[in-house]
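Basis for what follows: all heavy atoms, side chains included, without hydrogens, waters or symmetry-related copies. Quantities reported herein were computed from a predicted structural model and do not represent experimental measurements. Each chain gets a letter, A, B and so on, in the order its sequence line appears, and its residues count up from 1.
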Amino acid sequence: MDQILSLAGQNLLSPVILFFVLGVAASLARSDLTFPEAIAKGMSLYLLFAIGFKGGASVAQHGADISLGLAVLAGVVLSFLLPFVAFALIRVLARGVSVLDAAAVAGHYGSISIVTFVAATSLLTAGGIVHEGYMVAVAAAMEAPAIVSALWLAMRGGAGGKMDSDLWREILLNGSIVLLLGAFAIGWITGERGMAEIAPFIVAPFKGVLCLFLLDMGIVAGRELRAARRVVTPGVVAFGILMPLVGAAFGLAVGLVLGLSAGGVAVMMTLSASASYIAVPAAMRVALPRANPALYLTLALGITFPFNLTLGIPLYMALAQTLTGG
Amino acid sequence: MDQILSLAGQNLLSPVILFFVLGVAASLARSDLTFPEAIAKGMSLYLLFAIGFKGGASVAQHGADISLGLAVLAGVVLSFLLPFVAFALIRVLARGVSVLDAAAVAGHYGSISIVTFVAATSLLTAGGIVHEGYMVAVAAAMEAPAIVSALWLAMRGGAGGKMDSDLWREILLNGSIVLLLGAFAIGWITGERGMAEIAPFIVAPFKGVLCLFLLDMGIVAGRELRAARRVVTPGVVAFGILMPLVGAAFGLAVGLVLGLSAGGVAVMMTLSASASYIAVPAAMRVALPRANPALYLTLALGITFPFNLTLGIPLYMALAQTLTGG
Amino acid sequence: MDQILSLAGQNLLSPVILFFVLGVAASLARSDLTFPEAIAKGMSLYLLFAIGFKGGASVAQHGADISLGLAVLAGVVLSFLLPFVAFALIRVLARGVSVLDAAAVAGHYGSISIVTFVAATSLLTAGGIVHEGYMVAVAAAMEAPAIVSALWLAMRGGAGGKMDSDLWREILLNGSIVLLLGAFAIGWITGERGMAEIAPFIVAPFKGVLCLFLLDMGIVAGRELRAARRVVTPGVVAFGILMPLVGAAFGLAVGLVLGLSAGGVAVMMTLSASASYIAVPAAMRVALPRANPALYLTLALGITFPFNLTLGIPLYMALAQTLTGG
Amino acid sequence: MQMHDARRVEVMIEAVMEKQITRALEEVGVTGYTILPVLGGSGASGRWTREGQVSRAFSMIAVICLISPHRLDALLEALFPVLDEHIGVVSVTDTHILRAERF
Amino acid sequence: MQMHDARRVEVMIEAVMEKQITRALEEVGVTGYTILPVLGGSGASGRWTREGQVSRAFSMIAVICLISPHRLDALLEALFPVLDEHIGVVSVTDTHILRAERF
Amino acid sequence: MQMHDARRVEVMIEAVMEKQITRALEEVGVTGYTILPVLGGSGASGRWTREGQVSRAFSMIAVICLISPHRLDALLEALFPVLDEHIGVVSVTDTHILRAERF
Ligand SMILES: Nc1ncnc2c1ncn2[C@@H]1O[C@H](COP(=O)(O)O)[C@@H](O)[C@H]1O
Ligand SMILES: Nc1ncnc2c1ncn2[C@@H]1O[C@H](COP(=O)(O)O)[C@@H](O)[C@H]1O
Ligand SMILES: Nc1ncnc2c1ncn2[C@@H]1O[C@H](COP(=O)(O)O)[C@@H](O)[C@H]1O
Ligand code: NA
Ligand code: NA
Ligand code: NA
């Protein structure tokens, strides 16, 4: 417990978190501090490029075996499965939420937030805890399947929704999945030699870019919170905090079964606990246009993301370390 | 004197200045070299983030005492005061300038130019002269008060102008002030540990980004000079060069009274000598829309900025060193 | 031969090439992976800034003599000359291509592709082969003259085209030429001292930015290939692959006559082999608006650029080393 | 200068619907349109802005289409199923164009 | 397709006035508008461009508002005090809209 | 509110032609116009998009010009030689403006 608190305290005082808090505060105070859209996108491309490549290079270094394939498979299964859990939970906790909205929310929680992943891995690295490099591939694999479950839930509930080839392309060839997996593959292929060439771009300055990006995320999250007061009922807030814990429990179980390292388990928990706010919202706008975006965006970005960032990740790390004996 | 000349010569041949000159030349020759707006804004966010954080980290390292508070207070007073001096001076030197325009110009000179500040600190660092890390907070504190004085001058002169809560928010929660102070606070809180994490992003590449940014500033300044030939009378030019010297004299006095280090005095002089071209023009467009933007922008960006950058800063440094015995 | 194959193999597996391939693949698969325009332009400004400065700093270090002037002159002559060769070749290989289109294409091949240049120099650096720093000035000098030849060819062929002072300005004060030469001059003037100041920005992270930029180029090239299936006849493809070889032969001859180092010859070959896809297309849209952009862009960006990047450069390097005995 | 009657159709729609909209236009033979970026806006579903956003989910575009009057109905009918259920507004303005042979 | 008369109000105004303009619109109940970015322009106060600029002081936006004819006067009266003294132009065009219930 | 008849001329043209267009406008005394960025589009010469592009060769802009009816012909005649041979479309819409003294 002590360890958890100290980890959480340390995490809360890291520049990455503090810049996120600064962004939220600036936004709530209605400062005009904003990032141009192109810069925000540029930073997110940089982060995907860097973590994909580093993951691949790390696999190249440590070798890959069947466990990579199993972990990816487990990720896909989790992503398909978690929306059903999320759907049930939100229907119980927040009775005002319609089937359609619940399905849309569920899709977000089955998928993952790549920045939450990055925050977790950088906390792990700072603590000297290693994790499997291929977790980045697991992250990519978990992005999309949840969307299918969400649509199935919506259709079964008679809430409409459609699934055509365009949407499939949108989901599977989504820019962030392609960049993440592409950079992962190139990092794997070029290995140590490739890493030596581009390390000064993707390793040393990484943390600084992450701080700036989280500042921007904080601004956007704050704006979301400010705009969406209507949708934030106690039940919704409860869901936004409970669901990551439930998701993390699933991730923990899977991580232990797979025999991942302490770091790997912590990452698997974080992925399962996190909710998408980039790829899934875009897919939902196409496929379930009548679901309320204010609800799912506020939940994913305004409640669950800050919760994971500040308290969730240290908790998952501490649990993972205790339970793996790592 | 020799020392001043050699400093000035060295400064004039630094990449930072030469890229500014390149930008002005490209613009005057009507080259189509330009930066996308998003990139220019991205660079300015980077610079604010970096200098804010570095200032805070330096305070964390050297400890803060009452002198920090006194310096910030002195900055606020200077920023309130200098517009009155500037107003009187421009009315004397350039008789064609209306009360309204003089008030608007005065607001710019009470406030500060953050890039001039950065140029000064990087010249100091290159020369191995230390300055108080909290000068960044003084810079932030000097951004806004001058706007109030300018509006008061305009209203008193019957030239109109209005001050509502929106404008207050615009001034006080201006993005650049929030980012500067926020990063300063985070640098202070996280100190050496935080610095270690993000130094490779904000320290080593800083000078290079500054060169690119000054290239862009040169392009914009050149464009301004080319467009605004009408407003540039001899009196206006005289003001644009004398006012920074007058401002620097005030800064010098304040710096000596506060007992700042040689570097700190030089920075205080530079801040007082510099004129805003980001925050104040925006506030003036809202509050004094009938003041002529060509006049204040040409002065701040086309005359005073290049003057400080090339000759002013080395002069202030030499004086500060001589007079503090540093 | 063995050496060429191994060089080519090594090149094909470098991160820079693999990211280009990733971009092409993503684009052909119609992924929505794209870079904001501002980010793409920002990266290209960074690359021009960095290579210009590094070239100048290298001249400052090794001293400049008459050979610099001769090489620049030779570049200008090549750029004037190669369009005539290209014009003749495409008229022979692809009979369906009109005089106007052939002239426009010819202009592209007389000029150069700066990214191909960068790719060559980074392959040379990786292989420990030095080249003259002033080759960057040669690259800049070769950008524009070809446009004049192209217009002459079009006018002589009765295909129209006009040349006014605006166009001259567009050509000679083109942003990329100004930035490249300006940074070169500043690198030269500030030399080692300047380099020390900004090296962490322009040296270490360079390769990483280049990877990201080539990812973007791959996306754009793939889009071009997808869109322009109509214009790609066998004759056009043959031209797109033969012309760089012919150009390289000219570059080789000139490089040997000038007595350049092995690296210098390889660069001269690469410049002659490469085709512009930034400056020349823009000039052609102004001066020869009825020429078909799909043709010249597909050739320059979709065929010749990938060819040079993957096979051409290693070949030119191997030939240059063999023939200079370097 | 010879001018011809035409309609200017302006559709403000979510950016994620871009492909669907342009495909619908192309299916009825409308291959001329221009897409403008949108910074922000306000409507029944509240205010929004592009600033700092990464996801395409919450951005809009403006699709502008100049078209001959007699083809307007086909265009609107093609648009309707795409717009339906989606955030967005459509306006049709009478206008005049040069070089009518292309529309 | 059922179309309804409407007006398309287009205001080109300095970006620093965005909040003031949108507040004025909201005060008279106009909650539907779209904001487009502007690259540059020219007017009585000379030419300008956004390129390379950091300050918001010298940029403009285009605010587009589709509105029922009977609400136009209220809108224009709300705009007037904000526009007054400020750089900018306003045009009002007759247009037709689908789904009129929202305007 | 006093409104005045005017024309709204909208030119979608290649970005490389910006200087030529604005010079032509200025030569006939038209010094008021606004330039909007364009993201992409489609026409006789196919589809295009700005995304990821570095060259200005394949981008477009929209030039919007509000003008008094009696000056329209001069404007169009000035535009014509620039447009000729170039990709682009022009539309002219009847509109109403405030503060007519400036146009
Ligand atoms: N009356 C209007 N005039 C112009 N744009 C509008 C109007 N109503 C809605 N919009 C645009 O359409 C978007 C979605 O509208 P809504 O579906 O009403 O939320 C808004 O954010 C605006 O960008
Ligand atoms: N006649 C016009 N047509 C279109 N835009 C205009 C016109 N006049 C002015 N503008 C726009 O309004 C801005 C300010 O105009 P002004 O107040 O006349 O300097 C210009 O920079 C243009 O962007
Ligand atoms: N009917 C139209 N409506 C709106 N924009 C058009 C139309 N036709 C062409 N355009 C624009 O003009 C550009 C060039 O058209 P084109 O010359 O037909 O290829 C297109 O890419 C569009 O941006
Ligand atoms: Na999840
Ligand atoms: Na000052
Ligand atoms: Na060439």
Side-chain angles (χ1 to χ4, degrees), chain D residues 1-40 50 54 56 59-69 72 75 78 91-103, chain F residues 6-15 21 24 28 34-51 53 58-67 69-96:
Chain D
M1 205 122 314
Q2 180 63 26
M3 308 275 284
H4 308 265
D5 267 7
R7 299 290 175 270
R8 181 182 187 276
V9 182
E10 184 177 69
V11 186
M12 314 273 188
I13 181 111
E14 295 175 78
V16 290
M17 299 305 290
E18 180 178 331
K19 265 186 218 152
Q20 283 87 333
I21 281 279
T22 57
R23 175 139 21 83
L25 292 176
E26 280 153 21
E27 272 165 15
V28 292
V30 177
T31 54
Y33 52 82
T34 296
I35 301 179
L36 306 184
V38 171
L39 272 187
R50 275 312 292 153
V54 173
R56 262 169 69 230
S59 66
M60 298 192 85
I61 51 173
V63 182
I64 292 169
C65 186
L66 298 166
I67 195 166
S68 296
L72 179 65
L75 182 150
S91 65
V92 179
T93 310
D94 295 349
T95 190
H96 306 274
I97 51 174
L98 300 176
R99 313 199 266 185
E101 58 289 0
R102 316 170 60 196
F103 296 87
Chain F
R7 300 290 176 269
R8 181 182 185 276
V9 182
E10 184 178 69
V11 185
M12 315 272 189
I13 180 115
E14 295 175 77
I21 282 279
V28 293
T34 296
I35 301 178
L36 307 184
V38 171
L39 272 187
S42 165
S45 29
R47 293 192 60 164
W48 62 274
T49 164
R50 275 311 294 152
E51 293 207 311
Q53 299 266 14
F58 307 97
S59 66
M60 299 193 83
I61 50 173
V63 182
I64 292 168
C65 186
L66 297 165
I67 196 166
H70 71 274
R71 298 177 62 203
L72 178 65
D73 277 342
L75 180 150
L76 291 178
E77 256 147 50
L79 279 186
F80 206 76
V82 183
L83 282 172
D84 189 33
E85 302 201 333
H86 276 279
I87 279 180
V89 292
V90 181
S91 64
V92 180
T93 310
D94 294 350
T95 189
H96 306 275

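Atoms CE and OG, from D:M3 and F:S91 in turn, are 8.0 Å apart once rounded to the nearest 0.5 Å.
Using a 4.5 Å cut-off between heavy atoms, F:L83 touches chain D through backbone and side chain atoms alike. Within the 4.5 angstrom heavy-atom criterion, no atom of D:L25 approaches chain F.
Minimum heavy-atom separation, D:T93 to F:T93: CG2-CG2, 3.7 Å.
Under the rule for a side-chain hydrogen bond (donor to acceptor under 3.5 Å, both in side chains), the partners of F:R50 that lie at least two apart in sequence or sit in another chain are C:E37. Every salt bridge (charged side-chain N to carboxylate O under 4.0 Å, His left out) that D:E10 has, sequence neighbours left out, goes to D:R8, E:R8.
For residues 26-40 of chain D, heavy-atom neighbours of chain F at less than 4.5 Å comprise D:E26, D:T31, D:G32, D:Y33, D:T34, D:I35, D:L36, D:P37, sorted by residue number. Below 4.5 Å, heavy atoms of chain F meet heavy atoms from D:E18, all part of residues 12-20 of chain D.
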